[in-house]
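One-based numbering, in listed order, for ligands and for the atoms of each. Worth saying up front: this structure is predicted, and the values here are computed from it rather than measured.
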Amino acid sequence: MSKPKEYSSMTKDKLMTYTFIALLVLAIVSAVMWSSVTEPSGWNLGLSVAIISVIAVGISVGVDALLYKLTADSPLNTMSAAVFGLIVALSYSLGSPLMGQTEGSAVASSMLEPPSAFIYVALISLIGLVLFKKLLGKKVNPAAAAKFIVLLPFVSTVLLAKEHFADYMSGGLGVPKLAGPIGGGMEAINNNGLASFGTYLQQCYSFPDPTAMTYPDVNNIMMLEKYHGWVGGASSLAVIIVGVALFIVARRYIKWRITLTYFVSIAIMSVIMSTVYADADLITRLVFEVFIGSSIFLGFFMATDPATTPITYTGQIIFGVGLGVLTVLIQTYMNFFGGSILALIIMNLAVAKLDQVGKLKPTTDTKEPKLPKAKAFPAEKVKEYGCMKCGACMRVCCHNLSPILIKQAFDKQDFDALVKLHADYCTGCGHCTFICPSRIDLRKSVLQAKGALRGQ
Ligand code: SF4
Ligand code: SF4
């Protein structure tokens, strides 16, 4: 038997398993919370949450395994596929009885309610996994991009539903626009000449049976229990607790700075908008922007996807700020309340540029990074995965090098890049290999790159 190898205890599989457990907890919370509601189609809302979760995970894991069997270059990533599947399910909206009855659009109702919703979730899972995870190489968040593409033909009924903003007299819902003053009152006619925003939040997001509506406090709805929005955002409090717990467990590998800067920018933008439009009630705008289902779930579980977000800390902060500012602007000026998903896709496209910002300056001086405890793994159990772009290797290099970028440049035999990245400063400490959750032998690649540079 070969000698055990020492690494940090975190592996890519473990990270994916923790993320899957966190998402599963949220799926269970949403299913239990919504289990007392029956859709007009007769489907129980809690059961529907369970069914779309099983469909999305089943298709993602199944297709991942099939591609692994049928193609030579598609690795088997079961846990990663399962995580993707749950994100697809939790970022879908099943609507509610109120939504289905009053949306005024047969298309919207049929898309959002079971059993048609099952087909759309299956389609998003399939397109996301094959097109955005495998074929296009994770340039944009696969769940966000696939959902956007599938929903695009319904842009005027689901994404930018016109009837939201038409007044009651012409058969609309009378939802006040964010590009105007909003208030938290219960008056039917107020602000923007339509219903007050607080009324809208209560009618759409509180218990979905209009006859049983008790008009609880709007802040409680947005924070504790809301309907009609994304499945994963049913309880903002649950998302925060589960998300923060995951960040603590995997703090070296999860890009929590994006989440933090995203929500801080949304809060600042809400204050700015509130001032510009002289809101009667700043808190209503703030709770809507921060706790709307798409925003709270996306901020914790989609905006931090390592593969489609910047690798440097500065890049992550700019990404989070851009995401927050764009989300508020899209929601305010395009009347697209799920604006964060479009904002995420736009910011994903800027990641290649943001990866160049904030790289540490390589140095010949030696620094001693704080490393996690070592754990011995039998050599035959050490499995190498593709880089997940967590950036951990860049944070532990004694000479501020970027081991993964050096490896990529070396694999391409790009010697100009190797010179710029100062591969020759490497002293072979091995911290980068030790910390890597994908078990990539970075030390070996960087030393080979250094040797190749010397031979030039
Ligand atoms: S082996 Fe080289 S690249 Fe890796 S951490 Fe040590 S000095 Fe940096
Ligand atoms: S190579 Fe670096 S960025 Fe890639 S997974 Fe390993 S530690 Fe993370």
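Side-chain contact between K359 and I311: absent, with no pair of heavy atoms (C-beta onward) separated by less than 4.5 Å.
Of the residues L123, V130, L129, the one that meets the side chain to side chain contact (heavy atoms under 4.5 Å, CB included) test with I127 is L123.
Every atom of ligand 2 is numbered from 1 in the order shown, and the set under 4.0 Å from a heavy atom of I404 is 1 (S). Taking every heavy atom of G430 and a limit of under 4.0 angstrom, the matching atoms of ligand 1 come to 1 (S), 6 (Fe). Atom numbering of ligand 2 starts at 1 in the shown order; those under 4.0 Å from a heavy atom of G391 are 3 (S), 8 (Fe). Set against the non-hydrogen atoms of C426, the atoms of ligand 1 under 4.0 Å away are 1 (S), 2 (Fe), 3 (S), 7 (S). Residue contact check: S438 has heavy atoms under 4.0 Å from atoms 5 (S) of ligand 2. Atoms of ligand 2 lying under 4.0 Å from any heavy atom of L442, numbered from 1 in the order shown and given with element: 1 (S). Near M388, meaning under 4.0 Å from any of its heavy atoms, are these atoms of ligand 2: 4 (Fe), 5 (S).
Comparing S445, G386, C393 against atom 7 (S) of ligand 2, the shortest heavy-atom distance belongs to C393. Heavy-atom proximity to atom 5 (S) of ligand 1, evaluated over C429, A423, A449, is greatest for C429.
Heavy atoms of T427 approach ligand 1 to within less than 4.0 angstrom.
Residue C398: no N/O/S atom is found under 2.8 Å from atom 4 (Fe) of ligand 1. Look at C436 and atom 8 (Fe) of ligand 2: no N/O/S atom of the residue is under 2.8 Å from the metal.
Residues F300 and F247 bring their aromatic ring centres within 6.0 Å. Centroid-to-centroid, the aromatic rings of F148 and F132 stay 6.0 Å apart or farther. Aromatic ring centres of H431 and F434: separated by at least 6.0 Å.
Looking at N77, its side chain never comes within 3.5 Å of a backbone N or O of S80 through a donor-acceptor pair.
In terms of protein heavy-atom proximity, atom 4 (Fe) of ligand 2 is nearest to C387 SG, 2.4 Å. Protein heavy atom closest to atom 8 (Fe) of ligand 2, with residue, atom name and distance, is C390 SG, 2.3 Å.
Here the NZ atom belonging to K14 is positioned 13.0 Å from the OG1 atom belonging to T19, to the nearest 0.5 angstrom.
When all heavy atoms of G428 and C426 are compared, the closest pair comes out as N-SG, 3.2 Å. Annotation for I59 and L126: closest pair CG2-N, 4.1 Å, computed over non-hydrogen atoms.
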